[in-house]
Amino acid sequence: MIEGHCHCRAVRVAVPVRPETLGDCNCSLCSRLGTLWGYYPSSEVSITDPERKLVGYVQGDRTLTMHHCGVCGCITHWSPAGHSSPRMGVNMRVFDRSVWEDIPHRLIDGASW
């Protein structure tokens, strides 16, 4: 497992492998957050939040919940809002740069949706 964490270490994220590509979304939210998304089956991602610091934000079109640490503010992941899905996005920037810096980025044109 590859492990990462928010800045204050209250929330930890673990994934089994590096993603083959990173999603670089230009929607109004992701472009402000500076996230780089790795996509995984929900069953393969471990989110550890023993002090219950995660906070969810459901954006305008109400399709995704963005999760961030309520202490330091780091975005850790997104999950589908209001329903279960086999897929989620993990903010790869919560991992050491060496984990993701050489992974190719693909633009996701969320600004045109």
Side-chain angles (χ1 to χ4, degrees):
M1 294 292 276
I2 303 167
E3 297 182 1
H5 54 80
C6 65
H7 191 260
C8 72
R9 298 178 185 258
V11 180
R12 296 184 178 273
V13 181
V15 296
V17 295
R18 293 172 10 129
E20 291 184 18
T21 61
L22 297 176
D24 186 0
C25 181
N26 67 355
C27 78
S28 61
L29 184 57
C30 290
S31 62
R32 285 169 175 77
L33 297 172
T35 53
L36 287 174
W37 299 112
Y39 301 99
Y40 294 90
S42 301
S43 62
E44 293 183 1
V45 179
S46 173
I47 307 292
T48 306
D49 179 23
E51 297 177 31
R52 301 180 53 89
K53 299 299 183 184
L54 273 177
V55 177
Y57 170 70
V58 180
Q59 95 289 19
D61 66 4
R62 312 204 61 77
T63 58
L64 299 177
T65 301
M66 294 287 188
H67 301 273
H68 67 275
C69 175
V71 177
C72 66
C74 287
I75 300 293
T76 54
H77 65 289
W78 63 255
S79 61
H83 66 283
S84 63
S85 171
R87 183 174 105 138
M88 65 185 292
V90 174
N91 182 11
M92 296 307 292
R93 290 189 186 270
V94 301
F95 296 86
D96 287 335
R97 178 179 283 279
S98 63
V99 170
W100 55 264
E101 69 183 343
D102 63 341
I103 299 173
H105 298 197
R106 67 178 174 84
L107 176 63
I108 300 168
D109 189 9
S112 298
W113 293 345

Heavy-atom closest pair, residues Ala81 and Arg62 | CB-O, 3.6 Å
Between Val94 and Ile103, is there a shared hydrophobic cluster once you connect ILVMFWY residues whose side-chain heavy atoms come closer than 4.5 Å?
-> yes
Pairwise distance CG(Leu64) to SG(Cys27) - rounded to 0.5 angstrom | 8.5 Å
Can you tell me if NE2 on His7 sees more than 12 non-hydrogen neighbours from other groups inside 6.0 Å?
-> no
Output the distance between atom CD (Gln59) and atom OG1 (Thr65), rounded to the nearest 0.5 Å.
-> 8.0 Å
To the nearest 0.5 Å, atom CH2 of Trp37 lies from atom CG of Leu22 at 11.5 Å
Find out whether Asp24 and Leu36 are in side-chain contact, i.e. whether some heavy atom of one side chain is under 4.5 Å from a heavy atom of the other.
-> yes
Check whether any side-chain N or O of Tyr39 sits under 3.5 Å from a backbone N or O of Pro19 as a donor-acceptor pair, and report yes or no.
-> no
Under the side chain to side chain contact (heavy atoms under 4.5 Å, CB included) criterion, do Asp102 and Arg18 qualify, and how do the steps go?
-> CA-CA 11 Å; Asp102 63 341; Arg18 293 172 10 129; 2.9 Å; yes
Heavy-atom pair with the smallest gap, counting every atom of Gly110 and Asn26 = N-OD1, 2.9 Å
Can you measure from OG1 (Thr35) to CD1 (Ile75) and round to the nearest 0.5 angstrom?
-> 7.5 Å
Side-chain heavy atoms under 4.5 angstrom apart, residues restricted to Ile, Leu, Val, Met, Phe, Trp, Tyr: same cluster for Leu29 and Met92?
-> no
For Ile47 and Val45, which heavy atoms make the closest approach, and how far apart are they?
-> CD1-CG1, 3.8 Å
Please name the pair of heavy atoms, one in Pro16 and one in Met1, separated by the smallest distance, quoted to 0.1 Å.
-> CA-SD, 3.6 Å
Going by the side-chain contact (heavy atoms from CB on, under 4.5 Å) test, name the single residue among Val99, Asp96, Val90 that passes it with Ile2.
-> Val99
Find the distance between SG (Cys74) and NE2 (His5) and round it off to the nearest 0.5 Å.
-> 9.5 Å
Interatomic distance, CG@Leu54 vs NE2@His67, rounded to 0.5 Å, equals 7.0 Å
Smallest heavy-atom separation, Trp100 atom then Arg93 atom, equals CH2-NH1, 3.4 Å
All heavy atoms of Cys25 vs all of Cys30, minimum pair found to be O-CB, 3.5 Å
